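Structure first, commentary second.
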Amino acid sequence: MKSNLSTKNLKNYASQLLTKKAMYAAAIALLTTSVNAQKKPLDLTVFDEWQSIGMKELSNNGSWVAYQVNAQESDNTLNFFGLKTDKNLSFHRGEQSVFTADSKFAIFKIKPFYKDLKLVRIKKKKEHEIAKDSIGILNLATNQVEKLPNIKSFKTPKKEGSFLAYLVEKEDLKNDKNVKSDSTKTKDKPVKSAGKDKKDTPLELVLRNLISGQKKSFKNVMNYEFSENGKQLIFSTKQEKKDSLDQTKYGVFLVNTATFVQKQLVDTIGEFKQFAFDEMASKVAFVGTTDEEKKENKTYYLYHTSTNNPQQIKKTELLGLKKNWQVSENRQPKFSKDGNFLFIGLMPKLVEKDTTIIADDHAKVDVWSYKDEFIQPQQLKNLEREKKRSYLSVIDFSNPEKVTQLADLDMNQVEILNEGNSNFALGTSDNAYRLISNWDLTRRRDYYIVNVKNGQRELFAKGLAGRVEMSPNGKFAVYYNAENGLWSSYNIETKQTKVLNKKLKVKFYDEENDSPTLAQAYGVAYFTDNDETVLIKDRYDIWEFDLVGNRRPENVTNGFGRKHNITFDINQLNEELKTINRDTQLYLGAFNNQNKQSGVYQTIISKAKNPEKVVMSNTWGAQKMTKALNANQYIYTKETFRNSPDVYVSTNFKDEKKVSAINPQQKDYYWGNGELVTWKTYSGKNATGVVYKPENFDPNKKYPMIVYFYEKLSDNLNRYQAPAPTPSRINHTYFVSNDYIVFTPDISYTVGHPAKSAEDYINSGVEALKKNNWVNGDKIGIQGQSWGGYQVSHLITATDMYAAAWAGAPVVNMTSAYGGIRWGTGMSRQFQYEQTQSRIGKTLWEAPELYIENSPLFNMPKVTTPVVIMHNDEDGAVPWYQGIEMFMALRRLGKPSWMLNYNGDDHNLIKRANRNDIQKRQVQFFDHYLKDQPAPKWMSEGVPAISKGIDWGFGYENTID
């Protein structure tokens with residue numbers, strides 16, 4: 001067909017097309033500019049607006065969702081969402097919600113205003129001057145809520161009924177007629193209590209039947225508890241000191257919740273607590289003392305009786321009790337599920353202090369001995385816990401006066417089996433390995449099967465470096481031995497041991513272990529019904545091992561995980577689900593290790609075939625689902641780097657309902673996007689990392705880049721990072737929003753050479769990214785905290801490619817840090833350098849050259865990079881003198897360096913004010929060196945001690961802040 005267009009016309013037509021195309025492009029650009037103009041970069045003043053999801057749970061019938069929205073510097077909000085009505089009920093300052101077992105009501109606390117609690121923390125108000133906690137009672141059928149003021153605590157039965165019991169705080173309103181008592185209303189004034197709250201103040205207890213509306217009050221109550229089925233309520237009372245003429249009966253009382261009839265169990269003034277019922281609420285037990293209140297070391301006794309015949313009971317003088325041992329007040333008694341056994345705690349009597357000693361006449365000294373199982377700082381750190389340690393013992397109701405001690409000083413941990421129905425228990429002892437545990441984290445233990453009837457012990461695993469999992473019905477001990485990588489089962493009845501994975505080539509322990517420690521197992525996923533089989537994980541797949549017969553092992557996921565680089569897991573769907581059925585459909589959490597997608601697959605264990613994909617996406621969270629107790633309803637959160645976590649529910653994961661929608665303000669700010677990158681390290685290894693780019697990224701623009709690292713971070717590709725003041729890391733979101741590139745490389749380590757390993761992965765990754773035109777190779781900073789701070793400190797001695805560096809709580813001298821103490825735990829630091837993060841693999845005297853090679857302090861003269869060190873004087877993990885050693889070296893060498901010590905703060909900053917402060921300094925520091933912004937006064941002039949608390953140095957010339 002011949003064209004009607006001449007050459008001239010073709011040129012004109014082409015010109016018109018180009019003009020229209022240019023106009024169209026310009027219009028699109030203008031629209032884009034207009035849209036982007038509505039957005040702005042994040043600034044430090046908006047952090048307080050950002051919210052996060054706190055607790056989330058489903059009612060037992062799966063019809064209601066409760067979820068909490070937490071604010072950074074404001075009041076939290078509690079929400080209830082009806083899945084059948086799509087109605088959301090929101091309660092300001094609501095927290096700690098509980099659904100009643102019958103799913104008819106929800107009870108929750110209403111906290112005082114955040115601003116008032118903050119004033120208490122900064123000592124401008126006293127606790128008794130602000131409103132007390134209140135509670136809300138939400139009727140899930142009518143959506144009506146009742147609010148009750150001044151509630152100290154509340155409880156509901158765990159498994160049945162719609163009963164509620166709560167303790168009411170005391171009020172003193174006589175002197176202030178204008179004070180309202182309802183702290184649940186926004187404009188109410190605070191309630192004035194009768195004085196400072198005391199833990200041991202008796203209060204009024206109210207019992208309510210939420211269905212019928214019936215209620216009853218009880219005076220002077222101290223402790224209370226429901227039976228799990230809600231049929232009984234027990235409480236103890238206490239006489240108020242000020243009322244010595246009070247003729248009220250005191251002791252322990254039992255209330256039948258069906259009739260509200262009250263019966264007295266104990267009619268003696270004393271302290272009674274740790275109440276426990278058996279499953280049918282036919283028996284009750286507790287501990288108590290009648291000693292004078294002021295006595296320091298009281299003697300406690302066990303009380304127990306039948307609720308069907310609750311005649312007055314007296315303290316039980318237990319037969320078989322060892323000399324100088326007594327009932328522990330710190331362990332709640334527990335009945336076996338069948339009610340045949342009662343498990344209690346015993347403890348050695350504490351030595352009485354000599355109150356006549358004058359403190360100044362005697363030395364205060366800690367005596368350290370080389371024979372001590374634990375060093376003195378660790379002993380002192382755990383002192384209060386050890387004073388309260390109890391040792392499991394049992395009463396067999398065939399002889400209810402006799403106690404059999406199951407645990408003691410030689411074997412202090414005993415775990416009951418099959419909810420106490422088993423005649424056996426699992427005993428554990430680390431006594432023989434405590435001394436070496438100061439430097440060897442293998443954590444060896446001896447494991448015993450303990451006869452509940454007579455307390456006899458049978459050793460079945462000595463010096464095991466691994467873990468033991470007991471089958472729910474108490475028939476088998478399944479354990480992993482890290483020394484040979486084998487899982488075994490031990491039949492408690494037959495006393496036979498069977499190795500489970502001996503003939504399998506796949507590894508059941510950490511395949512990527514790069515430290516000089518024994519690799520740990522991926523773990524037990526679940527047991528199946530009747531203790532028939534156990535499901536154990538390898539790196540990717542789930543295997544089924546027969547415990548009862550001799551069936552060969554089966555790969556439940558059929559090798560699909562390893563083939564496709566997907567890790568499967570089975571979540572603990574709810575605390576009541578102890579085993580799973582082999583023949584029912586099961587949802588598996590799934591994570592793709594290559595592209596970092598997550599989601600859900602489904603399978604049937606007994607089929608052992610390829611699992612079927614339900615959903616996989618570039619999100620994080622759905623693989624961590626939990627389930628309603630009595631309904632096929634699942635709850636989870638989902639998030640991406642761009643989308644904050646929100647709550648979702650689903651019955652099948654294909655159709656889901658989004659329940660929450662937090663942080664709507666994010667639409668007003670520039671955000672960013674994360675993408676995986678790969679490269680080859682200098683040594684030829686494959687490496688992975690994540691690059692975060694600004695939302696309005698322009699490939700023709702050169703961006704400054706901050707490199708943040710720890711060990712491996714790429715699995716966080718789809719994790720949200722809310723804008724928030726930092727505890728000493730960097731907030732990726734803030735910097736990306738403000739036109740920075742952020743790079744987080746993964747690092748693998750060679751034993752003995754962690755510093756060179758960091759160079760190999762981090763520097764090679766940076767070099768690879770510098771090949772992109774959009775990276776400004778002259779404006780790259782590095783930042784790390786703790787182990788990351790150590791690596792920062794090393795890298796600036798090994799290269800001059802970085803324009804700025806920030807090291808939080810770094811170790812710079814492994815020779816001096818090796819012999820130090822982790823003051824947070826009281827432990828020796830030796831294990832860290834030999835076995836864990838530092839990965840030296842040898843003692844200081846075995847390989848001093850490795851400790852020097854990996855200590856940046858010895859190479860400080862090579863530093864050319866300006867650096868900020870943060871190290872705080874109450875750091876419980878890394879001694880702050882490490883930061884001092886680094887700073888003093890750089891200062892003497894005349895290197896640009898600053899050190900921040902947040903007085904009284906920890907390894908990672910805890911106090912919000914300090915986090916706000918360091919966030920601002922971090923931004924100013926990197927903006928100066930990477931964006932050529934002016935240096936603030938704290939950098940250019942410093943902040944002398946005379947200006948502390950007056951001028952923080954944030955300003956620039958001639959300014960005070």
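Since the model is a prediction, treat every value here as computed from it, not as a measurement.
In terms of heavy atoms, Asn60 sits closest to Ser103 at N-OG, 3.3 Å. Here the shortest heavy-atom pairing between Val414 and Ala407 reads CG2-CB, 3.5 Å. Here the closest heavy-atom approach between residue Asp510 and residue Tyr522 is recorded as CA-OH, 3.3 Å. Smallest separation of non-hydrogen atoms from Gly485 and Tyr509: CA-CD2, 3.9 Å. When every heavy atom of Leu417 is checked against every heavy atom of Gly474, the shortest pair comes out as CB-CA, 3.9 Å. Nearest approach of Pro611 to Thr557, heavy atoms of both residues: CD-O, 3.4 Å.
The ring pair (Phe, Tyr, Trp, His ring centres under 6.0 Å) check on Phe545 picks up Phe508, with sequence neighbours excluded. Phe275 is linked by a ring pair (Phe, Tyr, Trp, His ring centres under 6.0 Å) to Phe286, counting only residues two or more places apart in sequence or in another chain. When the ring pair (Phe, Tyr, Trp, His ring centres under 6.0 Å) test is applied to Phe272, the partners found at least two apart in sequence or on another chain are Tyr303.
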Practice prompt. Please lay out, stage by stage, how Val524 and Trp487 fare under the test side-chain contact (heavy atoms from CB on, under 4.5 Å).
Written response: CA-CA 10 Å; Val524 168; Trp487 280 94; 3.7 Å; yes
Practice prompt. Would you sort out whether Leu547 and Phe527 count as a side-chain contact (heavy atoms from CB on, under 4.5 Å), showing the intermediate values?
Written response: CA-CA 10 Å; Leu547 295 175; Phe527 287 86; 4.0 Å; yes
Fill in: Verdict with supporting geometry, Val468 and Thr428, side-chain contact (heavy atoms from CB on, under 4.5 Å)
CA-CA 10 Å; Val468 174; Thr428 308; over 6 Å; no
Practice prompt. Dump the intermediate steps for side-chain contact (heavy atoms from CB on, under 4.5 Å) on Asn571 and Lys624, then the final yes or no.
Written response: CA-CA 7 Å; Asn571 293 298; Lys624 301 291 183 181; 4.2 Å; yes
Practice prompt. Apply salt bridge (charged side-chain N to carboxylate O under 4.0 Å, His left out) to Glu554 and Arg552, showing your working.
Written response: CA-CA 6 Å; Glu554 291 282 358; Arg552 63 182 180 84; 3.5 Å; yes
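Proximity of a side-chain donor or acceptor of Glu483 to a complementary backbone N or O of Gly466 within less than 3.5 Å is not detected. No donor-acceptor pair closer than 3.5 Å links the side chain of Asn530 to the backbone N or O of Glu532. Counting only distance, with no hydrogens or angles, the side chain of Gln520 and the backbone of Leu518 share a donor-acceptor pair below 3.5 Å. Of the possible polar contacts, one joining the Asn574 side chain to the Leu577 backbone as a donor-acceptor pair under 3.5 Å is found. Between the side chain of Gln413 and the backbone N or O of Leu426, no donor-acceptor pair lies under 3.5 Å. The backbone N or O of Glu373 sits less than 3.5 Å from a side-chain atom of Asn438, completing a donor-acceptor pair. Remark: the backbone N or O of Gly251 is paired with a side-chain donor or acceptor of Thr237 at under 3.5 angstrom. Without hydrogens or angle criteria, Thr567 side chain to Arg539 main chain gives a donor-acceptor distance under 3.5 Å. In this structure, Ser437 contributes its side chain and Asp440 its backbone to no donor-acceptor pair below 3.5 Å. Asn308 contributes no side-chain N or O that, together with a main-chain N or O of Ser282, makes up a donor-acceptor pair within less than 3.5 Å.
Looking at Thr626 and Ile635, their side chains come closer than 4.5 Å, going by heavy atoms from C-beta outward. Between Ser328 and Leu346, the closest side-chain pair of non-hydrogen atoms is not below 4.5 Å. Phe476 is not listed as a side-chain neighbour of Val534, based on a closest heavy-atom distance of 4.5 Å or more. A 4.5 Å side-chain heavy-atom check between Asn418 and Phe424 finds every atom pair outside the cut-off. You'll find the side chain of Leu383 reaches within 4.5 Å of the side chain of Lys387, heavy atoms only. Using a 4.5 Å heavy-atom cutoff, the side chains of Val600 and Gln602 are not in contact. At a threshold of 4.5 Å between non-hydrogen side-chain atoms, the residues Tyr224 and Val255 do not count as touching. Between Leu588 and Ile570 there is a side-chain heavy-atom pair separated by less than 4.5 Å.
By the neighbour-count criterion of 12 heavy atoms within 6.0 Å, atom NZ of Lys507 is sparsely surrounded, having that number or fewer from other residues, nucleotides or ligands. In the displayed structure, Tyr448 atom OH is contacted under 6.0 Å by more than 12 heavy atoms of other residues, nucleotides or ligands. More than 12 heavy atoms of other residues, nucleotides or ligands lie within 6.0 Å of NZ in Lys627, so this atom counts as buried by the packing criterion. A 6.0 Å sphere centred on NZ of Lys231 holds no more than 12 heavy atoms belonging to other residues, nucleotides or ligands.
Screening residues 567-587 for ring-ring contact (aromatic ring centres under 6.0 Å, His included), with sequence neighbours left out, gives Phe568-Tyr601, Tyr587-Tyr634, Tyr587-Phe653. Screening residues 465-475 for side chain to side chain donor-acceptor pair (under 3.5 Å), with sequence neighbours left out, gives Ser471-Asp531.
Donor-acceptor pairing under 3.5 Å is recorded for the side chains of Thr533 and Thr528. In the model, Ser429 has no side-chain atom that pairs as donor or acceptor with a side-chain atom of Asp446 under 3.5 Å. Of the N and O atoms on the side chains of Thr442 and Tyr433, not one donor lies less than 3.5 Å from an acceptor on the other residue. Of the N and O atoms on the side chains of Asp583 and Ser606, at least one donor lies less than 3.5 Å from an acceptor on the other residue. Between Asn330 and Ser390, the side chains place no donor N or O within less than 3.5 Å of an acceptor N or O (distance only, hydrogens not considered).
With values rounded to the nearest 0.5 angstrom, Gln332 atom CD is found 14.0 Å from Phe343 atom CZ. The CD atom of Glu544 sits 4.0 Å away from atom CZ of Arg582, with the distance rounded to the nearest 0.5 Å. Distance check, rounded to the nearest 0.5 Å: CG of Asp529 to NZ of Lys578 gives 13.5 Å. Remark: Tyr540 OH to Asp569 CG distance equals 15.0 Å, nearest 0.5 Å. Here the straight-line distance linking atom CD1 of Ile542 with atom CG of Leu586 works out to 7.5 Å at 0.5 Å rounding. Note that the CG atom of Asp396 and the CZ atom of Phe341 stand 4.5 Å from one another [nearest 0.5 Å].
The pair Lys295-Glu293 does not meet the salt-bridge criterion, since no charged nitrogen lies less than 4.0 angstrom from a carboxylate oxygen. The pair Glu271-Lys238 fails the salt-bridge criterion, with no side-chain N (NZ, NE, NH1 or NH2) lying under 4.0 Å from an Asp/Glu carboxylate O.
The aromatic ring centres of Phe218 and Phe235 sit less than 6.0 Å apart.
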Enumerate, atom names and distances included, each donor-acceptor pair closer than 3.5 Å involving a side-chain atom of residues 455-464, sequence neighbours excluded.
from: Arg457; atom 1: NH2; to: Leu406; atom 2: O; distance (Å): 3.2
from: Arg457; atom 1: NH2; to: Asp408; atom 2: OD1; distance (Å): 3.2
from: Arg457; atom 1: NH2; to: Asp408; atom 2: OD2; distance (Å): 2.8
from: Glu458; atom 1: OE1; to: Lys495; atom 2: NZ; distance (Å): 3.4
from: Glu458; atom 1: OE2; to: Tyr490; atom 2: OH; distance (Å): 3.0

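Ring pair Phe397/Phe335 is parallel by interplanar angle, where below 30° counts as parallel and above 60° as perpendicular.
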